[in-house]
Amino acid sequence: MGTTLNRDANAPAFDAALLAGLQHLKEHYQYRTRRVKEAAEGPEIEVEGRRYIDFSSNDYLGLSGDPRVVTAFRRGLGRYGAGAGASHLVSGHCQPHHALELELAAFTDRPRALLFSTGYLANLGIASALFRRNDTVIQDRANHASLVDAAIFARARLVRYPNRNIGALERLLSKGRGGRTYVVTDAVFSMDGGLAPLVKIAALCARHEAVLVVDDAHGFGVLGADGAGALNQLGLGLGEAPILMATCGKALGVFGAFVAGSEPLIETLIQRARSYIYTTAIPPAMAEAVRESLALLRREGWRRTHLQTLIKHFRAGARRLGVKLGDSHTPIQPIVLGHSRTTLGVAALLRRNGYYVVAFRPPTVPKGTARLRITLTANHTPAHIDGLLAALTEIPCAVS
Ligand SMILES: *Cc1c(COP(=O)(O)O)cnc(C)c1O
């Protein structure tokens with residue numbers, strides 16, 4: 001931050017144009033910088049020589065650093081080497097991938113699951129396999145960028161409704177159009193932690209013969225009695241929500257993603273999803289790590305219970321201290337401050353106090369709603385949260 005870009009008069013015209021674009025981002029507090037993480041251990045991270053309590057990771061259950069997950073990864077490396085060697089359809093589809101798919105299908109109570117290399121690629125894959133040009137893809141305006149990109153990539157007709165606005169969704173569904181209609185939504189909105197009204201959305205889809213696509217990146221592992229996600233929590237099965245996508249890089253703490261659904265759905269994805277076909281399979285050792293993580297996620301319900309306790313602790317403390325709160329009962333607890341510049345300043349102050357919190361700014365969130373995106377994980381203790389809240393109360397604009 002704050003470094004002025006060199007507008008060298010001799011720079012080629014192309015670079016000059018790029019520099020002007022970068023300068024524009026800086027002037028609007030939209031410039032993003034990367035900080036180098038040097039170590040991660042439980043809720044602590046070391047970034048550029050300083051240690052922090054991390055309130056920015058999506059490792060909701062604290063499984064990423066679990067010794068058993070790490071050991072499974074290492075064992076997999078010994079057996080399979082570092083990489084898959086090829087894409088799934090060439091020769092990269094290994095036994096750990098296959099076993100993981102069976103386990104994910106069983107866990108989500110769906111006939112089949114298909115492993116993708118990332119969630120971004122899974123969403124592009126759903127779109128490239130299913131969305132045709134005269135189809136309509138209706139999306140919540142707060143959906144993850146990968147879902148928006150997926151519809152654009154497939155050149156389907158993309159229409160969006162205001163966040164969680166069921167009335168607006170119904171009006172869009174009532175408009176007769178050629179082709180098939182898909183309704184696509186995050187289950188838990190990644191920037192505010194709120195839940196989509198999935199039961200109502202599913203009922204509307206049934207009434208209007210639209211196909212529901214649910215991205216449960218942030219609910220999988222966290223929601224539902226045994227962690228099987230938002231759909232499981234709400235009792236929505238294959239009939240109501242035929243296409244479920246979730247990732248292995250968040251609550252599972254590793255990497256990768258999957259789509260779960262019917263036999264014909266998965267077979268269609270294998271045949272047609274370009275982001276499945278034309279990319280290298282994730283390392284099989286990594287799939288072994290995900291398998292171990294999934295087993296722990298299922299077996300160790302205390303992680304979810306502890307997380308729920310922390311969420312309540314955070315919300316009660318914030319309310320008591322007058323810290324601004326969003327309306328979220330998930331591990332994502334946003335504090336909306338409005339201006340990007342203010343939010344960056346508050347995040348920097350928190351870091352100075354030893355708390356790693358990240359400012360999320362437009363275009364990732366709507367204009368004027370820059371926020372701290374605080375995430376809680378099973379690695380935290382109530383004392384960590386009390387410390388963060390105490391630091392927040394020292395900052396005038398964080399309290400209302
Ligand atoms: C993180 C995320 C993705 C992308 O998953 P990756 O595996 O990180 O590519 C997709 N959808 C949502 C809602 C996400 O939060």
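When a ligand or atom number is given, it counts from 1 through the structure's own listing order.
- Contact atoms of ligand 1 toward Asp186: 13 (C) (distance under 4.0 Å to a heavy atom of the residue).
- Tyr355 and Phe55 have tilted rings, their planes meeting at an angle from 30° to 60° on a 0 to 90° scale.
- The closest protein non-hydrogen atom to atom 2 (C) of ligand 1 is Lys250 NZ, 2.3 Å.
- Short contacts between ligand 1 and Ser146, defined as distances under 4.0 Å to a heavy atom of the residue, involve ligand atoms 10 (C), 11 (N).
- Here's the thing with His218: one of its N/O atoms is less than 3.5 angstrom from an N/O atom of ligand 1.
- Using a 4.0 Å cut-off between heavy atoms, Thr118 contacts ligand 1 through both its backbone and its side chain.
- In this structure, the separation between CG on Asp215 and NE2 on His144 is 7.5 Å, given to the nearest 0.5 Å.
- Atom 11 (N) of ligand 1 has its closest protein heavy atom at Asp215 OD2, 2.6 Å.
- The cationic group of Arg351 lies under 6.0 Å from the six-membered ring centre of Tyr356 and within 45° of the ring axis, placing it in a cation-pi geometry.
- The aromatic rings of His384 and His380 sit perpendicular, their planes meeting at an angle over 60°, well past the 30° parallel limit.
- Between Gly119 and ligand 1, at least one pair of N/O atoms sits closer than 3.5 Å.
- Neither the backbone nor the side chain of Ala257 comes within contact range of ligand 1; no heavy atom lies under 4.0 Å.
- At most 12 heavy atoms of other shown residues, nucleotides or ligands fall within 6.0 angstrom of atom CZ in Arg155.
- Remark: Arg341 CZ is loosely packed, at most 12 non-hydrogen atoms of other residues, nucleotides or ligands lying under 6.0 Å away.
- For atom 4 (C) of ligand 1, the closest non-hydrogen atom on the protein side is Tyr120 N, 3.6 Å.
- Paired with Arg164 under the rule salt bridge (charged side-chain N to carboxylate O under 4.0 Å, His left out), one option of Asp140, Asp192, Asp327 passes, and it is Asp192.
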